[in-house]
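Start at 1 and go down the list; that is how both ligands and their atoms are numbered.
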Amino acid sequence: MTRRVALLGRPLKRRHSVVMHNAAFEVAGIDARYELLEIEPDAVAGAVAEARGSDFLGLGVTAPYKRVVADLVDEVEPDAAAIGAVNNVVRASDGRLVGFNSDGPGFRVGVERAMGRSLDGAAVVVAGAGGAAHAVVHACLTAGAGRVVIVNRTLSSAHAIADRFAGIARGRLEVMAPDSSRVVAALADADLAVNATTVGMIDPGSTLDVAALSPSATVFDLVYVPAETPLLRAARVRGLRAANGSEMLIAQAAIAFERWTGVGGMDGVMRAAVAPLLADPHASA
Ligand code: NAP
């Protein structure tokens, strides 16, 4: 029987996950396929129920269903519950569905590679307060970051993250409006500046003033299409360490693959498989 993993979302324009997971299934010699399941909201509960079948290894979950799927599975792992989003589901041998989140650990792998050091003790500025920012802030706090500053256009969303993580933050988390004069000082002190908004991908421009950063800072942009956003270009022109979200994308996929199959170490296979798509500025379909 060919096993299945279906990615639930709407719209599903990108093929990056399909290419990475199907290459890994092939190299690992596993008879399984990863498929896109673009569905309407009223079909999500049925799709999750179907994944209890023995032909399923699990599910991938993307926008806008990361929260709703958390309410439909049998168990949500603590980190995913804390973040408030499930981006993958693994089917246990008895058919129970367990939701987990690989964005946080994937971010940590990608960003620590980019920084060339651990997040432990780091001062971080995060632009954004959406789904990805929740995973980023949670990863920074649990990895021992010394200070995390959230800067977001809609201040109430940033405060919602701060409230959610108050228990683990223990005074390390602050919220600032983008036009606050305190942002310049926070950037000057930062070891790491992260763009976790859609700016650079959907909207032009950039969210962080690279000129305010120290020469030893790293800039990490979660966006990976296009490969070089205006933010990353500015960081490189200043001679800063800078990386896009491709290593996070690969790391979170390899973490999910290991949960579904028990086979680890597929990041190299996935990196090679997805390289042509990452190099193609029009690779969205
Ligand atoms: P989301 O939940 O829709 O959140 C979007 C965020 O962007 C919000 O904070 C929003 O601010 C901000 N934003 C949007 N337009 C803006 C503008 N014109 N000016 C300033 N801020 C703006 O999206 P998400 O799921 O968090 O995804 C964010 C990014 O991360 C996307 O580019 C996504 O592709 C990327 N991502 C990458 C990976 C990876 O593996 N590399 C994984 C997950 C996500 P408001 O609150 O003010 O609306």
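Ligand 1 is surrounded by Asp103, Gly128, Ala129, Gly130, Gly131, Ala132, Asn152, Arg153, Thr154, Ser157, Ala196, Thr197, Thr198, Val199, Met201, Asp203, Leu222, Val223, Tyr224, Gly245, Met248, Leu249, each with at least one heavy atom closer than 4.0 Å.
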When the side chains of residues 232-248 are checked against the rest of the protein, which donor-acceptor pairs come out under 3.5 Å, sequence neighbours left out?
{"residue": "Arg233", "atom": "NE", "partner": "Glu228", "partner atom": "OE1", "Å": "3.3"}
{"residue": "Arg233", "atom": "NH2", "partner": "Glu228", "partner atom": "O", "Å": "3.3"}
{"residue": "Arg236", "atom": "NH1", "partner": "Glu228", "partner atom": "OE2", "Å": "2.8"}
{"residue": "Arg236", "atom": "NH2", "partner": "Ala242", "partner atom": "O", "Å": "3.2"}
{"residue": "Arg238", "atom": "NH1", "partner": "Val210", "partner atom": "O", "Å": "3.0"}
{"residue": "Arg238", "atom": "NH1", "partner": "Ala211", "partner atom": "O", "Å": "3.4"}
{"residue": "Arg238", "atom": "NH1", "partner": "Leu213", "partner atom": "O", "Å": "2.6"}
{"residue": "Arg238", "atom": "NH2", "partner": "Leu213", "partner atom": "O", "Å": "3.4"}
{"residue": "Arg241", "atom": "NH1", "partner": "Ala114", "partner atom": "O", "Å": "3.0"}
{"residue": "Arg241", "atom": "NH1", "partner": "Met115", "partner atom": "O", "Å": "3.4"}
{"residue": "Asn244", "atom": "OD1", "partner": "Ser246", "partner atom": "N", "Å": "2.9"}
{"residue": "Asn244", "atom": "OD1", "partner": "Ser246", "partner atom": "OG", "Å": "2.8"}
{"residue": "Asn244", "atom": "ND2", "partner": "Ala227", "partner atom": "O", "Å": "3.0"}
{"residue": "Glu247", "atom": "OE1", "partner": "Arg113", "partner atom": "NH1", "Å": "2.4"}
{"residue": "Glu247", "atom": "OE1", "partner": "Arg271", "partner atom": "NH2", "Å": "2.8"}
{"residue": "Glu247", "atom": "OE2", "partner": "Arg271", "partner atom": "NE", "Å": "2.9"}

Could you pull out all donor-acceptor pairs under 3.5 Å where a side-chain atom in residues 186-197 meets a protein atom, sequence neighbours excluded?
{"residue": "Asp191", "atom": "OD2", "partner": "Ala123", "partner atom": "N", "Å": "2.8"}
{"residue": "Asn195", "atom": "OD1", "partner": "Thr197", "partner atom": "N", "Å": "3.2"}
{"residue": "Asn195", "atom": "OD1", "partner": "Thr197", "partner atom": "OG1", "Å": "2.7"}
{"residue": "Asn195", "atom": "OD1", "partner": "Thr207", "partner atom": "OG1", "Å": "3.1"}
{"residue": "Asn195", "atom": "ND2", "partner": "Val199", "partner atom": "O", "Å": "3.2"}
{"residue": "Asn195", "atom": "ND2", "partner": "Asp221", "partner atom": "OD1", "Å": "2.9"}
{"residue": "Thr197", "atom": "OG1", "partner": "Val199", "partner atom": "N", "Å": "3.0"}

Under 3.5 Å, which donor-acceptor pairs do the side chains of residues 143-150 form with other protein atoms, sequence neighbours left out?
{"residue": "Arg147", "atom": "NE", "partner": "Glu174", "partner atom": "OE2", "Å": "2.8"}
{"residue": "Arg147", "atom": "NH2", "partner": "Glu174", "partner atom": "OE1", "Å": "3.2"}
{"residue": "Arg147", "atom": "NH2", "partner": "Glu174", "partner atom": "OE2", "Å": "3.2"}

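Heavy atoms of other residues, nucleotides or ligands lying less than 6.0 angstrom from CD of Glu26 number 12 at most.
Checked by atom type, the side-chain pair Thr154/Ser156 shows no donor-acceptor distance below 3.5 Å.
Contact check on Arg117 versus Glu112 returns no salt bridge, with no Lys/Arg side-chain nitrogen under 4.0 Å from an Asp/Glu carboxylate oxygen.
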